[in-house]
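Sequential numbering from 1 along the given sequence is applied to the chain's residues.
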Amino acid sequence: MRICFIGAGALGSTIGGTLARGGAEVWLIDPFQAHVDAINAGGLRMLEGDAETVVKVSASASAAHVGIVADLIIVLVKSYHTRDAIRAAAPIIGPQTVVMSLQNGLGHEDILSEEVGRDRVMAGKTYVGGVLLGPGHVRSGVIGKETIIGELDGRLTERAQRISETFNRAGILTLLSDNILGTMWDKLFINVAGGGITAVTGLTYGGLYSLTILEDCALAAISESIAVAQAAGVKISIADPRLAWTMASAGLPPEFKTSMLQSLQSGNLTEVDYIHGSVVRWGAKLNVPTPVNSTLVALVKGLEYARSDYPGKA
């Protein structure tokens with residue numbers, strides 16, 4: 001299977017490298033030129049525990065230079081780059097190419113469907129982790145971490161089965177779902193648990209889980225999210241906000257930083273619109289109040305705006 005990753009940061013490189021090691025033909029596409037050059041020159045170095053392996057995998061800064069048509073495109077760019085990224089991937093999209101998002105939050109599949117057609121699009125959520133240690137070098141967390149994929153209409157298709165088998169063969173524990181929308185909301189609850197609060201406070205998980213007042217805030221945000229999903233008629237498996245709160249920190253060290261906090265600290269825009277913002281938008285449609293999530297969106301937006309290089313700022 002020819003698999004191209006649009007966005008090959010920590011997570012894209014971890015999953016892509018694991019699939020390449022399992023026998024898939026993988027291309028990692030990312031604008032980080034030093035990362036691309038290091039992979040092409042010496043392979044992708046993957047640190048797992050105390051063991052490091054080097055995986056042969058192809059990398060490019062542009063889809064235009066790949067020279068193949070992909071069987072599967074996995075989108076792992078920052079949410080706000082989704083539309084531009086899939087448009088730039090046009091040279092590797094053929095009549096049978098499947099496009100699948102593994103991004104956090106909600107709304108990406110709608111954007112992808114608008115660009116390539118809904119019949120091409122699948123969805124997935126992953127609990128695999130990765131840390132970019134330097135150009136061409138990642139720490140990967142694959143063992144025991146589930147990835148769940150599915151068709152948007154809930155069908156269990158041959159193409160979904162084929163993708164699942166490819167992932168499992170490479171050692172990525174992958175499940176097929178006939179309720180991928182519910183899976184996406186379940187993962188959203190976990191992102192809501194810590195994303196906005198850590199971005200606003202600057203706290204790692206050690207600090208977040210030390211103060212009862214922050215736990216209360218997180219539980220309120222999760223409760224709103226669950227209420228919205230239930231009002232939408234989504235079949236969810238997490239109905240207790242405390243379960244999402246517990247799951248959010250499972251297996252993570254006290255020094256763990258959420259991606260939203262990392263984005264702010266590195267001077268980038270966050271994905272708040274696709275996490276807390278998704279709850280707010282769905283809540284508005286369904287007349288479900290979301291004051292805590294609305295407040296977190298506003299505060300994170302304020303922190304983004306405080307930067308001198310905020311897009312469009314005078």
Side-chain angles (χ1 to χ4, degrees), residues 1-61 70 72-79 81 85 100-105 108 122-149 163-175 187 190-191 248 250-253 255-263 266 268 271:
M1 181 176 284
R2 292 177 167 179
I3 305 174
C4 293
F5 282 76
I6 307 299
L11 187 55
S13 294
T14 293
I15 298 176
T18 304
L19 288 169
R21 191 168 53 195
E25 180 183 345
V26 175
W27 278 84
L28 302 177
I29 303 171
D30 196 276
F32 184 13
Q33 190 66 55
H35 187 48
V36 168
D37 292 344
I39 292 170
N40 287 329
L44 177 66
R45 295 164 58 201
M46 300 184 68
L47 181 64
E48 298 165 284
D50 296 326
E52 184 168 286
T53 57
V54 178
V55 180
K56 177 71 173 176
V57 60
S58 300
S60 175
L72 173 64
I73 292 174
I74 296 177
V75 181
L76 271 169
V77 296
K78 290 294 185 182
S79 296
H81 288 317
M100 182 169 70
S101 166
L102 288 178
Q103 298 153 287
N104 283 328
H108 313 96
M122 288 179 56
K125 291 299 170 189
T126 186
Y127 293 88
V128 169
V131 178
L132 190 63
L133 300 176
H137 192 197
V138 294
R139 177 182 292 279
S140 65
V142 172
I143 297 174
K145 302 295 185 180
E146 283 185 353
T147 296
I148 306 169
I149 66 172
I163 294 167
S164 173
E165 290 172 354
T166 300
F167 273 53
N168 279 303
R169 189 164 51 244
I172 301 172
L173 176 60
T174 302
L175 307 176
K187 181 68 185 296
I190 292 170
N191 295 139
L252 296 174
E255 63 271 18
F256 176 80
K257 295 181 180 180
T258 64
S259 60
M260 208 176 293
L261 175 57
Q262 290 182 57
S263 293
S266 60
N268 296 317
E271 296 178 301

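Between the CD1 atom of I163 and the CE atom of M122 there is a distance of 4.5 Å, given to the nearest 0.5 Å. If you take CG on D30 and CZ on F5, they are separated by 12.0 Å, rounding to the nearest 0.5 Å. Atom NE2 of H81 sits about 7.5 Å away from atom CG of N268, to the nearest 0.5 Å. Once rounded to the nearest 0.5 Å, the distance linking OG1 of T174 with CD1 of I149 reads 6.5 Å. Considering CZ of R45 and CG of L133, their distance stands at 8.0 Å, rounded to 0.5 Å. To the nearest 0.5 Å, atoms CD (E25) and SG (C4) are separated by 8.0 Å.
A donor-acceptor pair under 3.5 Å links the side-chain atoms of Q262 to the main chain of K257, judged by distance alone. The closest donor-acceptor contact from the side chain of S13 to the backbone of A10 lies at 3.5 Å or more, if one exists at all. A donor-acceptor distance shorter than 3.5 angstrom exists from the side chain of K125 to the backbone of Q103, with no hydrogens or angles considered.
Across all their heavy atoms, V128 and L11 have their closest contact at O-CD1, 3.4 Å. Minimum interatomic distance between E271 and S259 (heavy atoms only, all atoms of both residues): OE1-OG, 4.4 Å. Among all heavy-atom pairs drawn from F32 and P135, the shortest one is CZ-CG, 4.0 Å. In plain terms, the two heavy atoms of S101 and H108 that are nearest each other are OG-CB, 3.8 Å. Residues Q33 and A61 share a closest heavy-atom pair of OE1-CB, 3.4 Å. Nearest heavy atoms, T14 versus S140: CG2-CB, 3.3 Å.
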(request) For F167 and I15, run side-chain contact (heavy atoms from CB on, under 4.5 Å): C-alpha distance rounded to whole Å, both residues' side-chain angles, the deciding distance at 0.1 Å, then the answer. (result) CA-CA 9 Å; F167 273 53; I15 298 176; 4.2 Å; yes

(message) Between V57 and L28, does the side-chain contact (heavy atoms from CB on, under 4.5 Å) criterion hold? Intermediate values first, please.
(response) CA-CA 8 Å; V57 60; L28 302 177; 4.0 Å; yes

(request) Please test K187 against Y127 for side-chain contact (heavy atoms from CB on, under 4.5 Å), starting from the C-alpha separation and ending with a verdict. (result) CA-CA 9 Å; K187 181 68 185 296; Y127 293 88; 3.6 Å; yes

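Side-chain atoms of K145 and T126, non-hydrogen and from C-beta on, never get closer than 4.5 Å to each other. I74 is not listed as a side-chain neighbour of I6, based on a closest heavy-atom distance of 4.5 Å or more. You'll find the side chain of T18 reaches within 4.5 Å of the side chain of M46, heavy atoms only. No side-chain heavy atom of E48 sits under 4.5 Å from any side-chain heavy atom of I143.
With M100 as the fixed residue, the side-chain contact (heavy atoms from CB on, under 4.5 Å) test singles out one of L72, I73, L76: L72.
More than 12 heavy atoms of other residues, nucleotides or ligands shown are found within 6.0 angstrom of NZ on K78.
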